[in-house]
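For reference, the structure is listed below as structure tokens.
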Amino acid sequence: MNYKKLLVSLALPQIVGLTAAFFTSSGVSTWYTTIEKPAFTPPGWVFGPAWTLLYLLMGIALYLVWQKGFEKTKPALLAFGVQLVLNGFWSVIFFKLQAPLYAFIELVVLWSTILLTTAKFYKFSKKAAYLLVPYIAWVSFAGVLNFTIVMLN
């Protein structure tokens, strides 16, 4: 087991999550409270634990693929990096810029890159691909929630 790769793999998604949380916190207590939200919007306390768990699963998945060798898995790792950057930008667009429509468009691209990442990870580690299933499920739900917010506002 390569502990350095494991640590980096686990830390990278969490760092993105903490950065996104910074942008989320600036809008969630102000602007977000004033917009219409659907009845199925989860309570605010759900998001922190859900994302922490999802980032943990993403980190484990990243490690499982990365341990197969960088050169061999480079396209899969690149796809992971792209989706991780898109993941972080959603919070900026939605909460900081207060732009739900643009956030939804970005989320559709994010969802596509998660699907691509999952497919690429599957080639190297079925476990890694399966670990991304809760992530794409949550982002699918977030997409419905985001779209509904756009429609209500």
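Only heavy atoms go into these numbers, but all of them, side chains included; no hydrogens, no water, no symmetry mates. A quick note: this is a predicted structure, and the numbers were derived from the prediction, not measured.
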Whether N146 side chain and A142 backbone form a donor-acceptor pair below 3.5 Å
no
Mind checking whether V144 and L86 sit in one hydrophobic cluster, side chains of I, L, V, M, F, W, Y counted as touching below 4.5 Å?
yes
So, does S125 use its side chain to make a donor-acceptor pair with the main chain of F121 at under 3.5 Å?
no
Less than 4.5 Å apart, any side-chain heavy atom of F94 and any of F89?
no
Ring centroid separation for F141 and W138, is it under 6.0 angstrom?
yes
Could you walk me through whether Y102 and E106 pass side chain to side chain donor-acceptor pair (under 3.5 Å), step by step?
CA-CA 6 Å; Y102 293 121; E106 194 267 2; over 6 Å; no
Under a 3.5 Å threshold, yes or no: a donor from one side chain and an acceptor from the other, between W66 and T73?
no
Any cation-pi pair here, K120 with F80, using under 6.0 Å and within 45°?
no
Determine whether L77 and L62 satisfy the following criterion, side chain to side chain contact (heavy atoms under 4.5 Å, CB included), listing intermediate values before the conclusion.
CA-CA 7 Å; L77 299 176; L62 174 60; 3.5 Å; yes
Would you mind reporting whether T24 and F47 have side-chain heavy atoms less than 4.5 Å apart?
no
Is the distance between the ring centroids of F95 and F23 under 6.0 Å?
no
Are the side chains of I60 and S9 in touch, meaning some heavy atoms are under 4.5 Å apart?
no
